There are 2 protein chains.
Amino acid sequence: MTEAGTQKRAGRAVRVEDVAREAGVSPITVSRALSDPEKVREETRKKVAEAVAKTGYVVNRFASSLRSGRSSIISVFVSNLQNQHFANAVQGCADALEGSGYHLLMAQTGYSDRLQQDVVERVLPFRPAAVMFTGVVQSERTRAQLGKLGIPVMEMWDYRPDPIDMLVGFSNAEGGRLMGEHFGRRGFRRIAYCGRTEDRGAQRLAGFREGLAASGRTVDFVLPLEGRRTVTDGMQALEQIRAGLPGCDAIFFGTDILAVGAVLEARHLGLKIPGDVAIAGYGDLEFVKQLHTPLTTIYVGSYALGLAAGQMLRKRLRHEEIGERIALSPIHLEVRASTGG
Amino acid sequence: MTEAGTQKRAGRAVRVEDVAREAGVSPITVSRALSDPEKVREETRKKVAEAVAKTGYVVNRFASSLRSGRSSIISVFVSNLQNQHFANAVQGCADALEGSGYHLLMAQTGYSDRLQQDVVERVLPFRPAAVMFTGVVQSERTRAQLGKLGIPVMEMWDYRPDPIDMLVGFSNAEGGRLMGEHFGRRGFRRIAYCGRTEDRGAQRLAGFREGLAASGRTVDFVLPLEGRRTVTDGMQALEQIRAGLPGCDAIFFGTDILAVGAVLEARHLGLKIPGDVAIAGYGDLEFVKQLHTPLTTIYVGSYALGLAAGQMLRKRLRHEEIGERIALSPIHLEVRASTGG
DNA sequence: CCTGTTGACGATAACGTTGTCATCGAGGGG
DNA sequence: CCCCTCGATGACAACGTTATCGTCAACAGG
């Protein structure tokens, strides 16, 4: 058994009935005055407001949601708020939904599918009006279950062509392409990629190749580094790339953290950036412009993404036309000193 | 009128009654089998479980909370998740409460008192089992209102001796003191402080003076900078301090962001750090160890703080003895190159 | 055999609100 | 002057669950 629910409120709650008696009207009129004021005369509304103030009445949303069959809860699934981008996105959602009367219920998911399944089931008792995910839902079973729920579902962050319902994401391919074109304009000749080569990484790499192809270039060396990586990995990567591709003059890292490591290591080795080797990253860190050698990277607006998702969802909840159910949040190239800004 | 509540569920919901019929028991037995399994025979429990699976029953927490008078909702007030420290703290709370059966409801507060008052009222309809705040509650009216609620209240982040109910915070004075002692050990002679001189800043400064006093030192120059500040402010501050206190050889900034600016400006001016001027900050940024000149600062464990707060609250909700209702989360000095680490 | 206790389960009612339909008077068109 | 619409309000019942009390059988102790 769970621990929840040992809190009991003391005393008898103030009910609509009490307010109604105080105001000299019927309970249903109190209800209307509070939730649909236009249907009540100005004068009556005022009497009710006074009675509410006097009694200290606070509506009970459990009763109200039960009876009306409406829920003001939107459930937000986040794998980890310590990831600053996710936190920003959630804040964006919150801001977009401010004043809409909806409330965000945090649901923590680990990265694992099994957990996500559990959590979805833990949230369903609240009959949420909608659910949002930072990151696409992986498990097919969960996707099917969510689809059948008949409520708006928002997937954020990643792109996929067949969302459960709505999606606002970044195009990883677009980011890679922008960087490829930039490398072409800069005239780099021996080009390496380092980072993940699965999922998001694969998309970034594919886009990168495409962008380079526009100026007849190719990726001459790929150093795959799967999973979570650190600055130290980036430092080692630089050596491996220089060994694997002698004369390499430009490296695109799939993740800023690796690029930061490479920048530090290059300075350590006395290499000129970008003279000897140009280095670029992909936007997962906010401080890279404050490095000694500011890093060229792909800027990812995680707050803006969350805001856009929240706005789309809000429209949807108002039954307004939302047009496309898939939106790509803008990303752009930040050219800085590390590629010769 | 708010927008919320336009979602209506289609079809007839599966109720305990349906499950009961399927399992050949009474509704109340189904309820018990699900929420208090020990009171039901193993065999009956199994029949109920099968019936639940077959019917796809999901409990309706609105009905259950309404009838039982218990809420599984804990309301968390955050001013801004884009502040990484707050996000970490919230994640800590979430982790501490994982598996407890409680759910976190996000409540966004601006920094203003008026807003906080509004939001508290927006949350009360959920009859939360507890409320948590990142940051102490400023408004006396809100403090009184919360006190009367009779539910656990947790204030996080700042320290104050008279919390509404429970508090887990950092001692800003302690951080200042540690830095003052460090400056003493380093032998700095002409010492400046720059940053806020109100609230948290005042405490940091007071602690700093105290730490310096241990080695007979004093703060020779104070440059007050109230409000939110940026790297640029830090850059300008360095010049002002050098003008205001010629020969200044060490500066303690009340906020890392200012210290970062000063470090960048010092490098720009060709000053040696810490040879010409030592610089230290106060832990609000995570990347300062990755600067070209890593920054000495006060480390603040925001995740650990949230975790501790969540754990204390969890105990409290189980009616366990919690001992002190006030806890100080550990902070410590991170000595790095910018003060001659 | 009687009384008391315990364990498993059920019948009834109530939690506080709002959807639905009904009522009633005011005003407008024929 | 009648019929109809419209605005404002009320009576009643129902949303889905669980607290409370009650029933009934099994069993122990005297």
Side-chain angles (χ1 to χ4, degrees), chain A residues 1-2 4-21 23-48 51-52 55-72 124-127, chain B residues 1-2 4-21 23-48 51-52 55-72 124-127:
Chain A
M1 168 183 192
T2 91
T6 32
Q7 303 311 305
K8 259 202 133 153
R9 335 213 89 240
R12 187 177 292 89
V14 178
R15 307 195 294 278
V16 269
E17 195 189 320
D18 305 312
V19 180
R21 197 179 316 115
V25 298
S26 74
I28 186 66
T29 300
V30 172
S31 172
R32 274 196 281 254
L34 294 176
S35 60
D36 207 354
E38 295 165 15
K39 296 200 164 182
V40 171
R41 251 194 318 164
E42 167 78 35
E43 193 193 320
T44 314
R45 216 183 303 160
K46 220 173 122 190
K47 279 193 295 181
V48 170
V52 165
T55 55
Y57 172 73
V58 176
V59 67
N60 183 326
R61 215 174 282 288
F62 295 132
S64 116
S65 283
L66 172 61
R67 172 62 236 211
S68 69
R70 299 185 213 113
S71 172
S72 67
L124 259 26
F126 285 103
R127 304 290 190 266
Chain B
M1 163 181 190
T2 91
T6 31
Q7 304 310 304
K8 260 204 135 154
R9 333 214 88 243
R12 187 177 291 91
V14 179
R15 306 195 295 278
V16 268
E17 195 189 321
D18 304 312
V19 180
R21 198 180 315 115
V25 296
S26 75
I28 187 68
T29 299
V30 172
S31 172
R32 273 196 282 254
L34 294 175
S35 60
D36 207 353
E38 295 163 17
K39 296 201 164 183
V40 172
R41 252 194 317 164
E42 168 76 37
E43 194 193 321
T44 314
R45 215 183 305 159
K46 221 173 118 187
K47 278 194 295 183
V48 170
V52 166
T55 54
Y57 173 73
V58 175
V59 67
N60 183 325
R61 214 174 283 287
F62 295 132
S64 119
S65 282
L66 171 61
R67 173 63 238 216
S68 69
R70 298 187 214 112
S71 171
S72 68
L124 259 24
F126 286 103
R127 304 291 190 267

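None of these values were measured; they are calculated from a predicted model. Proteins get letters first, then strands, A, B, ... in listed order; numbering begins at 1 in each. Just so you know, these numbers use all the heavy atoms, side chains as well, and skip hydrogens, waters and symmetry mates.
Between B:F126 and A:S72, the closest side-chain pair of non-hydrogen atoms falls below 4.5 Å. The shortest side-chain heavy-atom distance between A:R127 and B:V58 falls under the 4.5 Å cut-off. Using a 4.5 Å cut-off on side-chain heavy atoms (C-beta onward), B:V40 and B:V48 make no contact.
Rounded to an integer number of Å, the gap from A:E17 CD to D:dG10 P is 14 Å. For A:E42 and D:dG7, the CD to C1' distance is 15 Å, given to the nearest whole Å. One interatomic measurement links the two molecules: CZ of A:R32 to C1' of C:dT18, which rounds to 9 Å at whole-angstrom precision. A straight line from CG of A:D36 to C1' of C:dT18 spans 11 Å, rounded to a whole angstrom. A:E43 places its CD atom 13 Å from the C1' atom of D:dT9, with the value rounded to the nearest Å. D:dG16 atom P lies 9 Å from atom CZ of A:R127, rounded to whole Å. In this entry the distance linking NZ of A:K39 with C1' of D:dC6 reads 12 Å, nearest Å. Regarding A:L66, its CG atom lies at a distance of 12 Å from the C1' atom of D:dT18, rounded to whole Å.
Rounding to the nearest 0.5 Å places CZ of A:R21 at 10.0 Å from OG1 of A:T55.
Phosphate proximity of D:dT9 to A:T44: present, with a side-chain N or O under 4.0 Å from OP1 or OP2. OP1 or OP2 of D:dT18 has at least one side-chain nitrogen or oxygen of B:S31 nearer than 4.0 Å. Remark: A:S68 is not in phosphate contact with C:dT18, judged by side-chain N or O atoms under 4.0 Å from OP1 or OP2. Applying the 4.0 Å criterion to OP1 and OP2 of C:dT17, one finds that A:R15 has every side-chain N and O outside that range.
Distance from the side chain of B:S64 is smallest for D:dT18 among the nucleotides C:dC9, C:dT17, D:dT18. With distances taken from any side-chain atom of B:N60 to the nucleotides D:dT17, C:dT18, D:dT18, the minimum falls on D:dT17. Among the nucleotides C:dT17, C:dC9, D:dT17, the one closest to any side-chain atom of B:R67 is D:dT17. Residue B:I28 places its side chain closer to C:dG10 than to any other of C:dT18, C:dG10, C:dG16.
Checking B:T29 against A:R61, the closest nucleotide of DNA chain C that is more toward the 5' end is the one next to B:T29. Along DNA chain D, the nucleotide nearest A:V40 and the nucleotide nearest A:A63 are compared for position; the residue whose nucleotide lies closer to the 5' end is A:V40.
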For nucleotides 24-26 of chain C, give me every protein contact, N/O to N/O, under 3.5 Å, one pair per line with atom names.
none

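At the heavy-atom level, B:S65 lies nowhere under 4.0 Å from the strands shown.
Looking at every heavy atom in both residues, B:D18 comes nearest to B:A13 through OD2-O, 3.8 Å. The shortest heavy-atom contact between A:S64 and A:V59 is CB-CG2, 4.5 Å.
A distance-only check finds no donor-acceptor pair linking the side chain of A:S65 to the backbone of A:F62 [under 3.5 Å]. At least one donor-acceptor pair under 3.5 Å links the side chain of A:N60 to the backbone N or O of A:A63.
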